[in-house]
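Chain letters run A, B, ... following the sequence lines, proteins first and then strands; every chain starts at 1. All values derive from a computational prediction rather than experimental measurement.
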Number of protein chains: 2
Amino acid sequence: MTGRTTGRRGSGKPTIADVAALAGVSVSAVSKVVNGRGGISAPTRQRVLDAAAKLRWSPSATAVALRGARTRALGMVAGRSSDVLATDPHFTLLISGIESELAPADYGLLLHIVGEEPGAEERAYRRLAEERRVDGVILTESRIGDGRFELLRSLRLPAVLVGAPWQPDPVVSVQAGGQDAGIRAAVDHLVTLGHRRIAYVSGPEDRVHTVFRRRVFETALAERGLRPGRVLVSEFTAQSAVAAVRELLADAPDRRPTAVLFANDTMAVAGMNAARRLGFEVPRDLSVIGYDDLPLGELVYPQLTTVHQDLIQLGRAAVAAMFRQLDADRDEESPTPVPDPEVNPPELVIRESTGPAREG
Amino acid sequence: MTGRTTGRRGSGKPTIADVAALAGVSVSAVSKVVNGRGGISAPTRQRVLDAAAKLRWSPSATAVALRGARTRALGMVAGRSSDVLATDPHFTLLISGIESELAPADYGLLLHIVGEEPGAEERAYRRLAEERRVDGVILTESRIGDGRFELLRSLRLPAVLVGAPWQPDPVVSVQAGGQDAGIRAAVDHLVTLGHRRIAYVSGPEDRVHTVFRRRVFETALAERGLRPGRVLVSEFTAQSAVAAVRELLADAPDRRPTAVLFANDTMAVAGMNAARRLGFEVPRDLSVIGYDDLPLGELVYPQLTTVHQDLIQLGRAAVAAMFRQLDADRDEESPTPVPDPEVNPPELVIRESTGPAREG
DNA sequence: GTGAAAGCGCTAACAG
DNA sequence: CTGTTAGCGCTTTCAC
């Protein structure tokens, strides 16, 4: 425990000094070799590499980070209850995408799942920033009045938002082009099938994408010359979706909707089954469309017609944007082009939960 | 960029020196205050706290870690494709549990999602260890011949396994008591309903829990005096489960199973719908039981009868075990009691996908 | 009760 | 080409 001389391989882990000693060179030589900076002869280089391999040594991430370089970690805070998280793989998918881009760069992802209590999320970001644990953070699900961009700026912590900010904001964000294409296609699909009374079950109204999608829905309806459809606001939970469907189907036959769009797949599946419990066949009596295109949609019966959104690609794009930002920050002077990452627009996937309207 | 004098608040973040300067004390005084070590007068203490608050300063995690203390981060490597990850919230749930225990301790979780290519997982652990990014790692899904425990030991990286090791091993592990209770109850339930031909669709055979559960299934059947049921091995994917059901239901009516147990809920749901597509009603023609009790099970129609497993609690227990291990390592001399964490045994949740056998 | 100084493992100037 | 050295931000003896 006490008195561990540098270079001694006691209980501790090998350090750069151990490697240098074993290779018979100085520490700076080792440093130069591992960082690929030139000025080292081939034989020396080889000796260093061998020594490092024998000792199973890699530079300590902590020491490198302290030295002023990067942390080689990105942070992400998920402000959701574990229940919602488990039902809705939105985050999981995004994280998969993020990781796939992070791994080759030897970056890690520091995840924080905090509850939905207000303030918890902010505290998490704050700690991430103050403790300098990460080089930057990736944000999702921006909300109306979202204070996170401001917060992160004041914390000087680079951020990339997946999605659109709630109001024009200099925050770097990634987003698929043609965001409204999915819902438009969904409405078109239903109209073509003869549906005239189409309802929309939206997510919590404090979400930016929720409001956006709802607006697209309303616009699309109007453009088709249809009267405004009913719009119900629901939580992202199954119970809430079930309640919404109950309400929708309680109307008189000539007034109730013949098709429903849901804000996400989980709600759509829950809603679909709620309808069935009420004696409505899907799609015979009611057509249902989801959003996200989760694997879940293919599992259920009938398979879900839904709007596909490439969350994995979005996650990758977010990381790419972050790296560009980090590089730009470092080089400061050279204003990197920062091309918008290519993300495919949302797209309608027609499966079994939509069919012709029963009565015009 | 150049020549940033200590104590200057330029573009950089405040350091302990800035706080000390602002409070008019020495850096060590600040350190003592933030670490709650005594020897500081109340007024001085207050001045330090005020200064830290004003500067929004917290100790840099990196510096603290380098100083020899802990990293305050745990690692986890998920060796699965993003697709499986998205369908099966197993990991998500576990991570939620882990986080809920980590957060109050101000610990972070460094996540690595690597593909299923062999070696990728090992490399990830290796890097985590060599770069000293985490204090320890949490493992799941131990496999037959799992080399990770050995690897981690040689890396001197503390580890906690969720589940049982494939062979007696000193690795610290957490697990619910009465592991076999769930499947036994499931078999009992089916037998009581009059089922005599019960099949089992197992997961990949290289998983320890897969083999264990299958054995429990076989034993339970034997104890009830039933002939061995058919056992099919499937991947953890929907397609694979669908194929298994096809095979099972292709048999002659007097030979085909009237009930099927699946290794997890996702497979069960996929199987249930495959059966329906083949013209079999669930539970009228076929009873189905899953495993895990994911939220998904309540979403679908009919709702899934399944074996509940408290993954969240398991995640929490794993972290608790890790902390005890870390404390023990530190104190070295004091062999902490290390009581087994309390995790509820798996339990059968009866819903709608099981019913009386149609023919004895 | 408080401060000065030595490192933790590494990188980057600067010498040789 | 290679070695010496000064910190990065913090904690921790050890003096005062």
CZ (B:R153) with more than 12 external heavy atoms under 6.0 Å: yes
Test item: side-chain donor near acceptor, B:T71 and B:R132, under 3.5 Å: no
So, for B:L161 and B:S142, which heavy atoms are closest and what is the spacing to 0.1 Å? CD1-CB, 3.9 Å
I need a per-nucleotide contact map over nucleotides 10-16 of chain D, read 5' to 3'. Cutoff is protein heavy atoms under 4.0 Å; write B for the base, S for backbone only, - otherwise. BBB----
With distance as the sole criterion, is a donor-acceptor pair present between the side chains of B:S31 and B:S28 under 3.5 Å? no
Would you kindly compare B:L66 and B:R45 by the position of their nearest DNA chain C nucleotide and give the one closer to the 5′ end? B:R45
Angle separating the five-pair end axes of the helix from C:dG1-D:dC16 to C:dG16-D:dC1, nearest 10°, is 50°
Could you list all the side chain to side chain donor-acceptor pair (under 3.5 Å) pairs where at least one residue sits in residues 108-126 of chain A, not counting sequence neighbours? A:E121-A:R143, A:E121-A:R148, A:E122-A:R126, A:Y125-A:R148
How long is the line joining CD of A:E131 and C1' of D:dG9, in whole Å? 13 Å
So if I apply the side-chain contact (heavy atoms from CB on, under 4.5 Å) rule between A:M76 and each of A:L128, A:T140, A:V137, which one comes out positive? A:T140
Whole angstrom is fine here: how far is it from CD in B:Q46 over to C1' in C:dG1? 17 Å
Distance in angstrom units between A:R132 CZ and D:dC8 C1', rounded: 13 Å
Should B:T44 be listed as having a side-chain N or O under 4.0 Å from OP1 or OP2 of C:dG1? no
If you look at every heavy atom in B:L22 and B:L55, which pair is closest and at what distance? CD2-CD1, 3.8 Å
Distance-only polar pair, side chains of A:R127 and B:S58, donor-acceptor under 3.5 Å: no
